[in-house]
Amino acid sequence: MKKTLIALAVLAASGAAMAQSSVTLYGVADMVLHKDKNASTKLTSGGVSTSRWGIKGEEDLGGGLKAGFLYEQAIALDNGAAGPGFDRQTYLSLSGGFGEIKLGKIWTAYDDIGGATDAAFNANVLGPVALIFQSQYEYTANPKNGFYYASPSFGGFSGAFSTNLREGVANSRVSAFHVKYEGGPLFVALGYQDDELTNEKYTRLGASYDLGVAKLLGTYGRAKNADVDEWSIGADVPVAPNLVVSVGYAQSKQDGGKAERGWSVAAAYALSKRTTAYAGFFDANAAAVNGRAGAPDSRFGVGLKHTF
Amino acid sequence: MKKTLIALAVLAASGAAMAQSSVTLYGVADMVLHKDKNASTKLTSGGVSTSRWGIKGEEDLGGGLKAGFLYEQAIALDNGAAGPGFDRQTYLSLSGGFGEIKLGKIWTAYDDIGGATDAAFNANVLGPVALIFQSQYEYTANPKNGFYYASPSFGGFSGAFSTNLREGVANSRVSAFHVKYEGGPLFVALGYQDDELTNEKYTRLGASYDLGVAKLLGTYGRAKNADVDEWSIGADVPVAPNLVVSVGYAQSKQDGGKAERGWSVAAAYALSKRTTAYAGFFDANAAAVNGRAGAPDSRFGVGLKHTF
Amino acid sequence: MKKTLIALAVLAASGAAMAQSSVTLYGVADMVLHKDKNASTKLTSGGVSTSRWGIKGEEDLGGGLKAGFLYEQAIALDNGAAGPGFDRQTYLSLSGGFGEIKLGKIWTAYDDIGGATDAAFNANVLGPVALIFQSQYEYTANPKNGFYYASPSFGGFSGAFSTNLREGVANSRVSAFHVKYEGGPLFVALGYQDDELTNEKYTRLGASYDLGVAKLLGTYGRAKNADVDEWSIGADVPVAPNLVVSVGYAQSKQDGGKAERGWSVAAAYALSKRTTAYAGFFDANAAAVNGRAGAPDSRFGVGLKHTF
């Protein structure tokens with residue numbers, strides 16, 4: 001007989017004895033079928049979000065304090081490859097009124113805010129920022145031996161800071177922070193990462209404003225040492241109760257170099273709370289982007305994302 | 001405190017809120033102790049079925065449509081080896097009145113029907129088909145970048161089709177189908193696989209008929225390019241409420257070559273719904289089979305299979 | 001929506017249908033921040049216990065007999081590395097009035113009793129036995145192709161025996177046993193391992209006595225072929241309801257060689273039933289221990305251990 005994990009609603013209903021004890025098995029299964037210019041049709045894992053699975057849990061220590069942990073592994077849904085190890089995140093955490101502290105392999109505070117203001121649902125294979133911004137291909141997302149602190153929200157304002165131990169390895173520190181504001185229709189976030197592993201200092205500023213008929217998106221990024229400036233604009237338009245269409249444009253330009261440019265249009269249809277069908281088109285100015293691994297001249301894709 | 005997954009029965013009893021949300025942790029733990037002729041005694045994982053674990057889930061999308069996923073990894077219970085990655089299957093699925101579609105790394109439609117009509121419980125280490133049929137050692141079971149469609153049953157008849165994308169790699173397509181009929185005591189299945197990875201075209205026809213005192217089994221297979229014909233016969237005899245004895249014979253012969261032959265007798269005793277103890281004996285004509293990795297001249301084995 | 005595993009209490013309350021069906025997801029997330037003499041500060045996984053996750057289950061076969069399985073993998077919480085495979089244990093088990101039998105990759109009967117009488121909570125990074133005893137760095141802990149039998153307790157006395165199949169590989173057998181007594185304040189255990197993989201015969205004798213105000217600990221070990229004698233003493237002192245302070249000393253000496261010595265003091269504060277904060281100091285006579293990988297001259301560490 002097969003076993004099934006039960007929703008938190010049941011846990012809550014079962015009383016205090018169980019509140020001490022919870023492990024959650026979670027993940028994303030996302031696959032896209034896409035045709036790139038001058039390439040064969042491909043089935044690729046993680047069209048919008050990287051396919052993954054993980055284990056996480058939390059324990060109430062009393063006095064508003066909680067201990068927690070998380071282990072998460074990426075998987076390639078098209079061919080079964082996984083890891084190595086829990087390659088996305090592994091951490092211990094303590095949270096309370098003071099915010100949250102994590103220790104381990106953790107997304108940096110700079111990584112946290114990337115994507116929030118990217119058009120085309122920040123899709124790995126279709127997002128203009130994901131495919132055009134040079135910084136997206138380079139920065140260290142989850143250094144090992146890390147520390148992370150996120151503050152609580154103060155009237156909509158919050159911030160986070162992350163760093164890691166070098167443990168005797170020269171130029172292996174990755175320190176970052178972000179500050180952000182969320183209130184009513186407005187979201188603004190500023191992130192910064194001093195990344196010794198890539199010998200670069202990244203800045204990212206993003207904002208969105210929800211007009212109701214459309215949510216406007218804008219992002220600016222800078223890689224200081226390479227003297228690269230990058231920006232994007234876009235809009236998410238809810239055209240029907242379960243359907244959002246998103247359009248966006250992004251550009252990346254090194255000082256004295258030629259601009260790399262791309263734009264996307266994508267649609268996401270929510271089949272349910274946890275499952276979304278999507279389709280989109282991306283086009284770039286070919287000459288410039290050709291040198292960047294993974295980025296197509298143009299691409300059409302259709303996919304399905306399931307969250308569990 | 002340890003956590004325990006609860007059966008679907010509880011899920012159903014808990015009402016609609018939970019029907020949206022289910023993840024199942026499942027698997028098989030199977031180990032056999034066997035003595036092969038001229039070899040030392042060995043403890044081997046997967047005597048009947050490959051030991052494994054997996055995560056799977058399903059979400060009701062309404063209107064009879066369901067989205068689902070599955071990640072499954074083989075493990076060697078005797079030494080702890082696993083994978084690499086989720087090496088058995090990884091897929092996204094959509095199912096409904098039209099049948100089921102899967103995308104990812106999936107058993108082929110030809111693989112689906114292998115084993116259903118194999119004597120000795122289709123045991124990896126004892127089944128005559130598993131050990132004698134040359135095609136069993138060769139065919140591609142779960143190609144990457146795959147598509148799979150299974151029809152619903154129409155009056156006992158059903159079918160399935162599978163293929164995959166080459167994604168620019170020459171001779172990497174594996175296309176297959178099966179059709180089958182299940183009704184009363186009769187089961188008949190025909191499968192075919194055009195396998196570019198092994199440069200072979202496999203045909204398999206299997207049938208069983210349940211007389212009550214015994215279930216008769218027959219299988220025919222052909223590998224066209226190698227000009228190999230293979231067949232087996234057998235019977236499963238329920239000798240007591242929890243005890244089945246199975247006998248079988250299999251032969252494989254390349255045109256102009258010498259026949260490779262083997263027979264098995266095995267018994268399976270159900271200790272419970274999920275746990276079975278088994279024992280068996282296999283014997284082959286040594287000269288022919290010696291050239292095939294893994295197949296013994298003769299073997300005695302006793303094992304335990306636990307499904308969770 | 002995320003799913004949550006429910007405690008055994010609920011399982012029991014849900015009646016017989018579910019008693020057939022249980023899978024448990026479990027593990028340890030333990031991390032320590034430590035500063036060793038002449039080294040940079042490090043974040044290390046498994047300060048007290050190796051970080052891990054696993055799946056296990058049990059099925060009632062009736063008549064007091066149970067079938068079970070366990071798959072367990074080590075993880076490095078500081079960098080996400082895991083395995084390879086389920087590298088700690090993988091086994092099938094049968095248990096009942098006769099005791100428990102396990103088949104697979106299993107901790108030896110000698111390994112079972114190591115640690116029970118080690119000061120400083122048997123901490124990987126702080127325990128005097130863990131850091132000073134040479135045998136701890138060498139012995140085979142979980143050989144593959146293993147058999148294990150543990151007896152039930154007879155008036156406080158119990159024992160276990162383990163061995164494994166060589167499967168044609170010369171000098172790959174690891175046989176071990178232990179006997180122990182637990183009653184009132186007294187614990188005594190004797191273990192022995194004939195380890196072909198390290199060409200050594202290990203003996204370990206451990207005892208503890210709980211005076212209430214302190215639990216006294218003592219351990220003696222011998223590696224026969226290398227002619228090494230090792231011993232340790234210590235005490236666990238419960239200084240407050242949730243706080244235990246432990247002190248210990250250990251020594252290892254090869255016949256004719258110089259003694260290697262170290263001592264530890266550590267404190268463990270239970271934040272809850274499943275989460276413990278700890279801190280400790282270890283110091284060794286540097287010259288001798290320097291030759292042993294992993295052992296510091298001196299170390300200060302502070303950590304957090306969470307069990308799920």
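Below, chain A is the first sequence line, B the second, and so on; all start at residue 1. Here the structure is a predicted model, which is why all the values come from computation and not from measurement.
- Once rounded to the nearest 0.5 Å, the distance linking CG of Asn164(B) with CG of Leu43(A) reads 9.5 Å.
- Side-chain contact between Leu92(B) and His306(A) is present, with heavy atoms from C-beta onward closer than 4.5 Å.
- Here the straight-line distance linking atom OG1 of Thr24(B) with atom CZ of Phe308(A) works out to 11.0 Å at 0.5 Å rounding.
- Neither the backbone nor the side chain of Ala39(A) comes within less than 4.5 Å of any heavy atom in chain B.
- No side-chain N or O of Glu167(B) forms a donor-acceptor pair with one of Ser40(A) less than 3.5 Å apart.
- Chain A is approached within less than 4.5 Å, heavy atom to heavy atom, by Lys144(B), Asn145(B), Gly146(B), Phe147(B) from residues 140-149 of chain B, ordered by number.
- Taken to the nearest 0.5 Å, the CG atom of Asp60(B) stands 10.0 Å off from the OG1 atom of Thr275(A).
- Gln73(A) has its side chain within reach of Phe86(B): a pair of non-hydrogen atoms, C-beta onward, lies under 4.5 Å apart.
- Rounded to the nearest 0.5 Å, atoms CD (Glu59(B)) and OG1 (Thr307(A)) are 8.5 Å apart.
- Taking all atoms of both residues into account, the shortest heavy-atom contact from Arg274(A) to Glu58(B) is NH2-O, 3.8 Å.
- Residue pairs satisfying the side-chain hydrogen bond (donor to acceptor under 3.5 Å, both in side chains) criterion with at least one member in residues 80-97 of chain B, sequence neighbours excluded, are listed as follows: Glu72(B)-Arg88(B).
- If you measure heavy-atom distances from Leu165(B) to chain A, the contacts under 4.5 Å come from the side chain alone.
- Heavy atoms closer than 4.5 Å to chain A are found in both the backbone and the side chain of Leu61(B).
- By number of non-hydrogen pairs under 4.5 angstrom with chain B, the leading residue of Ala82(A), Ala76(A), Ser45(A) is Ala82(A).
- For Tyr269(A), the OH atom counts as loosely surrounded, since its 6.0 Å shell holds 12 or fewer non-hydrogen atoms of other residues, nucleotides or ligands.
- At a 4.5 Å heavy-atom cutoff, the contact between Leu94(B) and chain A is made by side-chain atoms alone.
- With rounding to the nearest 0.5 angstrom, the CZ atom of Phe69(B) is 10.5 Å from the OG atom of Ser51(A).
- Both the backbone and the side chain of Leu77(A) come within contact range of chain B, each with at least one heavy atom under 4.5 Å from a heavy atom of that chain.
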